[in-house]
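A quick write-up on the structure given underneath.
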Amino acid sequence: MAVKSNLKNMVLCLTAVCLVCSALLAGAYSLTKSPIEAAAKAKTEKSLSAVLPAFQTVEESVMDGTRYYTAKNGNETVGYAIESGTIGFGGPLTLMVGIASDGTVYNTSVLSHNETPGLGAKCTSDKKFMDQWQGLDPAQKILSVKKDGGDIDAITASTITSRAYARAVAGALDVYKKIMEGESHE
Amino acid sequence: MSNRFKLITDGLVKNNPTFVLILGMCPTLATTTSAINGLSMGLATLFVLVLSNMAISAIAPVVPDKVHIPAYIVVIATFVTLVQFLMQAYTPAMYETLGLFIPLIVVNCIILGRAEAFASKHGVLDSACDGLGVGLGFTCSLTVLGAVREMLGSGSIFGWNFLGGHDGMLAFVMAPGAFICLGYLMVLFNKFLKKS
């Protein structure tokens, strides 16, 4: 190495390296900030249109730490989309649960998960599992897997993921009830 | 010229990071659940490796010995964060799949290893070739490992299912399958390629 390791050189070198690097990062951050936000927004919109009936406007609100979206056609509310999280097999599992104005589940979509590929990760691709949530009426069905005495068909070999999914949907329905109570008080 | 070409092929075969040097096992085992995941992890690492090798070979002469590790780590971390921003902005789906393993490229032994063993002692262009070679070696190994695990474990290749919706041998998608596949691929690699 060409440069002597005395205090002055070391301080100068590290300061210079850190300055250049942070300048680079600041530049990259400001350049990618809007595409990153756009990507996150596109994702939310995509999941909203997947889990709700056709709507014109959507409003974001937060209740007890849960984010939910109210979808409207003019003045008429067509449904709510509720972000509901729980712990799956591999970590947090977050769903977007769409609830139609009659209180039934319209559709669900996975926002993020850490489930095992080929097993629990099928909760994003297994058609039979995903379709059973459409039009599900919480008054008629018990929201737990058949193994636990409920009405939900679990994904083969992924009972824990299926249980978590059912729990998240049930959680969203609880939030929906609270939203309804809140509105009837107004 | 031929010397630089050799640097690239060395990284692919003689110094293959996965099958010969056995470095960077954490991302290797964890992200190769499918061919496409392996490929994108490899490419992200390749990108960081080439840039960090070039930057480090350029600054090495003015970095005092006692602080070379912190200086190199800052450089590497900068490039990793750049990759993270770019992936988050332009390939959000991929970013979510690889998630935690992108920031972890910082502590990938391959990158600091090449910086120490090669880039700090060679010129910018040679270091770029070395980074390209080792990065390609890493990318190929991860893609092959991912493809084998995906074929055995999920019955598909690059997401295309050839078993008609039936399940594969699920163990291969999980950690034990990763070790088994890696072991066999290492044996095959060393038997047929390393000697030449």
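So you know, we letter chains A, B, ... as the sequences are listed, proteins then strands, and number each from 1. Treat the numbers as computed from the prediction; the structure is a model and nothing was measured.
- Cluster membership for B/Leu125 and B/Leu132, using ILVMFWY side-chain heavy atoms within less than 4.5 angstrom, is not shared.
- A/Ile179 and A/Leu48 are not part of a single hydrophobic cluster, where members link through side-chain heavy atoms under 4.5 Å apart.
- Cluster annotation: A/Val97 is connected to A/Met180 through the hydrophobic network of ILVMFWY side chains, with a link wherever side-chain heavy atoms come within less than 4.5 Å.
- The environment of CZ in B/Phe158 is crowded: more than 12 heavy-atom neighbours from other residues, nucleotides or ligands sit within 6.0 Å.
- Within 6.0 Å of atom CZ in A/Phe89, 12 or fewer heavy atoms from other residues, nucleotides or ligands are found, so the atom counts as exposed in its surroundings.
- Interface with chain A: from residues 78-95 of chain B, residues B/Thr78, B/Thr81, B/Leu82, B/Phe85, B/Leu86, B/Gln88, B/Ala89, B/Tyr90, B/Pro92 qualify, criterion being any non-hydrogen pair under 4.5 Å.
- For A/Leu25, the parts sitting under 4.5 Å from any heavy atom of chain B are the backbone and the side chain alike.
- Interface remark: A/Lys43 contributes side-chain atoms only to the contact with chain B (heavy atom separation under 4.5 Å).
- When all heavy atoms are compared, the tightest approach of B/Val74 to A/Cys21 is CG1-SG, 3.7 Å.
- Cluster membership for A/Tyr106 and A/Leu111, using ILVMFWY side-chain heavy atoms within less than 4.5 angstrom, is not shared.
- One hydrophobic cluster, built from ILVMFWY side chains closer than 4.5 Å, cannot hold both A/Val17 and A/Val20; they sit in different ones.
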